[in-house]
Amino acid sequence: MARHLLKLEGLDEAHLTSLLDRAAGFIPAARGEAEAPASLRGRLVAQLFFEDSTRTRLSFEAATARLGGRSLSLSGVGSSASKGETFLDTALNVDALGVDAMVVRSSISGGADLLARNVRCAVINAGDGRREHPTQGLLDCLTIREAFGKISGVKVAIVGDIANSRVARSAIHSLTTLGASVRLVGPPTLLPRSFAQIAARHDLVSITHDLDSILPELDVIMMLRVQLERAAGGGIAADYREHYGLTHRRALRLPAHCIVMHPGPVNRGVEVDDDVADDGRRSQILRQVTHGVAVRMAVLEESVGRTDRVR
Ligand code: ASP
C-alpha cells in the first residue's frame with residue numbers, strides 16, 4: 001500500500017526519530033560525497049508544484065536522482081491548469097501515467113490529503129497552503145539535532161509571520177514531539193489569539209510579542225518570511241525590522257552557542273540582516289538546504305523505496 005507523508009502532526013517520536021536517523025545517514029550522499037543505495041531504481045516520482053519553489057522542488061528532484069529514481073516535473077504555469085483543469089483532475093491524470101509517487105505543493109490547505117484520498121500512488125506533501133510543510137519540519141529537526149546532539153530540552157524561538165506559516169506549524173508539531181520547547185514570537189497581527197489557545201493546551205509551547213526580552217535564553221532562533229502571497233498581503237509594516245528583524249544588534253544579544261535558521265527565501269534586511277545570514281559560525285541556512293535533500297531521500301525511500309534496498 002502507498003505510504004503517504006501528509007503532515008507531521010500525529011507522527012510519533014519513534015517514527016520521527018527513524019526518519020531523522022535515516023536522513024542523517026544520507027547527508028554525505030546528499031552532498032555528493034558518497035554513493036546512496038539505488039532504492040528508487042525504476043521508480044517514477046512526479047514533482048507537481050502549483051506554487052513557486054526553489055529549494056523544495058530542486059531538493060526533491062535531487063533526492064530522487066541520488067536514490068536512482070526518475071522525476072517527471074510539472075508546474076502550475078505551463079500545465080493544463082492554465083486551461084482550467086482542476087487540481088484533482090491534474091493529479092488523477094498524473095496518477096494514470098503510472099507514477100509511483102507524487103510530490104505536491106499547492107496553495108490549498110489540505111490539498112495533499114485530498115489527492116491522497118483519490119490516487120493510487122504515494123502522496124508527499126511539499127507544502128499545502130498555510131497548513132504544513134512536513135519535510136521542512138524534518139530538515140529543521142535534523143539541523144537542530146546535528147547542532148546540539150539532541151532535540152529534547154532545546155529552546156527554540158520561531159519568529160515572524162506565524163499565522164500564515166506552514167513551516168511554523170510543521171516545526172511546532174515535530175519539535176514538541178521530540179521534546180524541544182518552542183516560543184512563538186511575532187506582532188499580534190501575525191500571531192493571533194488562536195495561538196495563545198494552542199500554547200495554553202501545550203506545556204512546551206509559549207507565545208510572546210517581545211523578541212528582545214527572550215534573546216539571551218535561546219538555543220535556536222528560526223526566522224520566518226512574511227507571507228505576502230497569503231493573508232499578510234497588506235504588506236510588511238514599516239517598523240517590522242525594528243521590532244522583529246534579526247538585526248546585527250539583536251544577534252549580539254544571543255548566547256554564543258545560539259544558531260540562526262531560516263527556511264528561505266530570505267528577505268535580507270527585513271527578517272534577517274546580511275551579516276547575520278552570512279555569519280558562518282551561527283547561520284545554518286545553507287546547511288538546512290543540504291539537510292533538505294537528505295530528509296527527502298529518507299521520506300521517498302520510506303514511501304516508495306524498493307524493499308530489497310541496501311542498508
Ligand atoms: N519556502 C517555505 C515555504 O514554502 C517558506 C517560505 O516560502 O517563506 O513555506
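Keep in mind the model is a prediction, meaning the values are calculated, not measured. Remember, it's 1-based here, ligands and their atoms both numbered in the order they're listed. All residue numbers in this chain count up from 1 along the given sequence.
A heavy-atom separation below 4.0 Å is found between Gly264 and ligand 1. The shortest heavy-atom distance from Gln227 to ligand 1 is under 4.0 Å.
Near Pro265, meaning under 4.0 Å from any of its heavy atoms, are these atoms of ligand 1: 6 (C), 7 (O). Listed by number with element, the atoms of ligand 1 under 4.0 angstrom from any heavy atom of Arg105 are 4 (O). Close approach to Val167 involves these atoms of ligand 1, each under 4.0 Å from a residue heavy atom: 2 (C), 5 (C), 9 (O).
The residue among His133, Met223, Arg225 with a heavy atom at the shortest distance from atom 6 (C) of ligand 1 is Arg225.
When each of Arg131, Lys7, His4 is checked for a side-chain hydrogen bond (donor to acceptor under 3.5 Å, both in side chains) with Asp113, only Arg131 meets the rule. If you run side-chain contact (heavy atoms from CB on, under 4.5 Å) between Leu190 and each of Ile162, Val159, Asn164, only Asn164 comes through.
Neither the backbone nor the side chain of Gln136 comes within contact range of ligand 1; no heavy atom lies under 4.0 Å. By the criterion of a heavy-atom distance under 4.0 Å, neither the backbone nor the side chain of Glu51 is placed next to ligand 1. At a 4.0 Å heavy-atom cut-off, ligand 1 touches Arg166 through the side chain alone.
Pairs passing the ring pair (Phe, Tyr, Trp, His ring centres under 6.0 Å) check and including a residue from residues 178-209, sequence neighbours excluded, do not occur. Each ring pair (Phe, Tyr, Trp, His ring centres under 6.0 Å) pair with one or both residues in residues 38-83, not counting sequence neighbours, appears once here: Phe50-Phe87.
On a distance-only criterion, Glu229 and ligand 1 share no N/O pair closer than 3.5 Å.
Note on Leu175: it clusters hydrophobically with Val154, by side-chain heavy-atom contacts below 4.5 Å among ILVMFWY residues.
The 12-atom threshold is not exceeded at CZ of Arg70, counting heavy atoms of other residues, nucleotides or ligands nearer than 6.0 Å.
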**OP:** Could you go through the side-chain hydrogen bond (donor to acceptor under 3.5 Å, both in side chains) check for Glu302 and Ser18 one step at a time?
**Re:** CA-CA 10 Å; Glu302 180 182 86; Ser18 92; 4.8 Å; no

